[in-house]
Amino acid sequence: MLADIAQNVVLNGDIKTGVAMAGASIGIGCATAGALIAMSRNPGMMGRILLWMFVGMALAEGWAVIAWFAVK
């Protein structure tokens, strides 16, 4: 019985981690898509757009890592 409880806790933690990582992946995809659209409309701003795209991607990934540590 104790093994079943431990297995359920691990399974629930893995699901929560997967959801957090999926959310980060969606956020990174949205940041990249938005940056590509912005660069195609205004190529002169490419440097600033890339900078803020990477900041947004780092924040999304950072929150996913924080969520991973919180679940583990």
Side-chain angles (χ1 to χ4, degrees):
M1 177 162 176
L2 189 57
D4 293 334
I5 293 171
Q7 185 178 11
N8 287 336
V9 169
V10 170
L11 181 63
N12 288 336
D14 290 340
I15 291 172
K16 291 174 187 174
T17 304
V19 170
M21 295 301 167
S25 298
I26 292 169
I28 290 170
C30 289
T32 305
L36 288 174
I37 291 169
M39 284 185 279
S40 68
R41 291 182 179 185
N42 191 358
M45 294 292 292
M46 183 177 149
R48 295 187 82 190
I49 293 168
L50 277 176
L51 171 73
W52 288 108
M53 180 190 77
F54 287 132
V55 169
M57 292 169 69
L59 287 172
E61 193 66 30
W63 281 111
V65 169
I66 289 170
W68 179 57
F69 281 124
V71 170
K72 297 291 179 181

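All residue numbers in this chain count up from 1 along the given sequence.
- Hydrophobic clustering (side-chain heavy atoms under 4.5 Å, transitive across Ile, Leu, Val, Met, Phe, Trp, Tyr) keeps I26 apart from V19.
- Take A24 and apply the side-chain contact (heavy atoms from CB on, under 4.5 Å) test, not counting sequence neighbours, and it matches E61, A64.
- The shortest side-chain heavy-atom distance between I66 and W63 falls under the 4.5 Å cut-off.
- The CG atom of L50 sits 10.0 Å away from the OG1 atom of T32 when rounded to the nearest 0.5 Å.
- The environment of M46 atom CE is sparse: at most 12 non-hydrogen atoms of other residues, nucleotides or ligands sit within 6.0 angstrom.
- Both F54 and I28 are part of a single hydrophobic cluster, where members link through side-chain heavy atoms under 4.5 Å apart.
- In the hydrophobic clustering, L59 connects to L51, W52, V55, either directly or through intervening members, whenever side-chain heavy atoms lie under 4.5 Å apart.
- I49 and M57 fall within the same hydrophobic cluster, defined by Ile, Leu, Val, Met, Phe, Trp and Tyr side-chain heavy atoms under 4.5 Å apart, directly or through other members.
- Closest heavy-atom contact between M53 and A35: SD-CB, 3.4 Å.
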